[in-house]
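Keep in mind the model is a prediction, meaning the values are calculated, not measured. Residue numbering restarts at 1 for every chain, and letters A, B, ... go by the order of the sequence lines.
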Amino acid sequence: MDIPAMRASFGKAAAHGDQAPLWFYSHLFLTHPETREMFPVSMAHQRDRLFAALGDVLARVDDLDALVPILQQLGQDHRKFGTLAAHYPAVGASLLATLEHFDDEWSDELAASWTEAYGVIAEVMIGGAEDASDQPPWWEAEVVAHDRRTIDVAVLQVRPNAPLDHLPGQSISLESDRRPRLWRWYSPANAPRPDGLLELHVKARDGGPVSTALVRLAQVGDVLRLGPPVGHLALDTESDRDLLLVAGGTGLAPMKALIDQVARQGPPRRVDLFVGARTEDGFYDRADLRRLEQEHAWLTVTCAVSHEKVSSLEHGDIGDVVLRHGPWTSRDAYVAGNPAMVEDTVTRLHQHGVPMARIRTEVFAASRPSPTVDGKVTE
Amino acid sequence: MTSNDRTPYEAGPPTADDLRAVQFTAASMLHPGYTDREVDEFVALAADQLARLTEENAQLRDQLRGMQEHVAAVASQPSPSDQAVGILATAQRTADQYVAEAEDFSRQMTSEARAQYEEQLTQAREKAGAIIQAAQEARAAIVAAGGTATGGGPDTAELQEQVAYLKAFGQACRVQLRSYLEALLSDVETEWGRAHPAVLPPALLAQRDQQIGPGPDAAMPFHSNAATDPPAEGGTPAAAVPATRSPS
């Protein structure tokens, strides 16, 4: 495998921007029309993702220890799209055709290198998918409750058709028949429960096709498809330190899951939860938070608003409010919310003296900015 | 043994026809050979089996060739022409644009609606805030007048409760005042000329003067009415005011 030559040829294709993945998918759909229905109507975001993923793989191709788990996970996750081992050669053929199309100096040696590399990638991904074959490729989950809490937030209770074991704090991707082939990530707001129900907090994003449908259209009885749980905001089970949880918006969901885990499994510890919102209307789950606070003596909940002057609640950016209640230097900190809130809070906590190793975060953002009219997806 | 003048070693395994045509030399008198009939039957059977296997082998070979050709055809499947890829790519981009425009439109609509909603809400809040502020000031004035201090800054929830209380209080006052007025009028009519200022204790009289302002003449029938002759609208007027709160 001539890795530098492969990187060079990939660079030539990538230099054409959207044209290269556009060519790739058109080629794939022409040679294997059956693969088209695995993708959404608009391919703009998909195209962006493909070359980003390929670029990632190429960047790490020297470091197989890092690459293999990523590919295994990718292969496992692809099961939910209905990807079969038989699809991999088709993708490989179209990938080679694309690279050849955009490379004036394409050679048999280069083709051999790419064939070999793709073969390895496909093998690892298929292996990852097979390793997970004891689990269903996806779960069907019925919406059993749909509670529209505010103008743009709904809390859903869904019941998977088979046990879906997740760690509190992890995220699950889901697809609704109301928006086929569009998968979005949500973090259940509870630890696994005996009845198997999952609580999902959904905020309708302006122009977001899936979130708006889940908030405004979804009904009890709808069936969602759920992918396998992934994520890194799991509770550090090695530690029995007291917890500081900071949530903004629907970042509350994983924090509630962590509280649920402490309540169900322990170890006993003090938990301080800070919830921030722009206005009082943003607290879509106050009743349940109050209930939790009453049920658990070890839990303290503080709500703060940042953009409402006339309020009985604390005022200020949530990071600021958290520090007012310190010190927190002995705590394990978990932060979830929009990117600015997470960054600000982490910076403040770090300056306050909480080591970075004890701060865990999850960024909640619109799962993607919509493609612009000229088909560009910008981040 | 002869087999059409070919030796088995040169010509490979015998064919079915070889087996059928084979002739064995006669055995000597001393060592009589196998029974001819048995040999013939066995050879015929072997020939049939061999013929079947040969035919099957040929069929399999054909199948294999077919499969190989198929595989080759699939492997060397002509790549779709650049033109075809281009047409599909254009179609895809058109679809992408429609979706993007629809999403953009939806985003504009919702964000404008949200902005409007939030503005209205803010206005309503400010109005409510002003009312609360006024209520607070009014309350402070009452407290100052009543001389009872609560101490500490009240929060919004408390103030809102107080606003609600003040509204109820106002309503109750209106009801009470109407009752008083009616009772007063009736008193004035029936008691006129019988009232005497000495009935009221002087301190209470002074307070009444301060708060309501009517002269002792007016206060007197008011007092006697409240004490002896409750208004007709059911229950005492005080019951219309929430019992748990007092204005001071």
More than 12 non-hydrogen atoms from neighbouring residues, nucleotides or ligands closer than 6.0 Å to [atom1] on [X], yes or no?
X        : atom1 : value
B:Gln83  : CD    : no
A:Asp177 : CG    : no
B:Met109 : CE    : no

**Study point:** Under 4.5 Å from a heavy atom of chain B, the part of A:Ala93 involved
**Key:**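 For A:Ala93, neither part sits under 4.5 Å from chain B.
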Would you compute the distance between atom [atom1] of [X] and atom [atom2] of [Y] and round it to the nearest 0.5 angstrom?
X        : Y        : atom1 : atom2 : result
B:Thr90  : A:Leu22  : OG1   : CG    : 7.5 Å
A:His27  : B:Asp82  : NE2   : CG    : 8.5 Å
B:Gln108 : A:Asp206 : CD    : CG    : 10.5 Å

Between B:Ala102, B:Ala95, B:Ser106, which residue shows the highest count of heavy-atom pairs closer than 4.5 Å to chain A?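 Result: the option with the highest number of such pairs is B:Ser106.
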_Quick one: does any side-chain atom of B:Gln92 pair with a main-chain N or O of A:Val41 as donor and acceptor, under 3.5 Å?_
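Side chain of B:Gln92 to backbone of A:Val41: a pair is present.
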Q) Out of A:His101, A:Gln19, A:Met43, which one racks up the most heavy-atom pairs below 4.5 Å with chain B? A)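 Maximum pair count with chain B is reached by A:Met43.
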| query | Taking only residues two or more places apart in sequence, or in another chain, which ones meet A:Phe29 in a ring-ring contact (aromatic ring centres under 6.0 Å, His included)? | reply |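 Testing A:Phe29 for ring-ring contact (aromatic ring centres under 6.0 Å, His included), a comparison that skips the adjacent residues, returns A:Tyr25, A:Phe39.
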Does A:Tyr186 have any ring-ring contact (aromatic ring centres under 6.0 Å, His included) partners at least two apart in sequence or in another chain, and if so, which?
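ring-ring contact (aromatic ring centres under 6.0 Å, His included) check on A:Tyr186 returns nothing, list empty.
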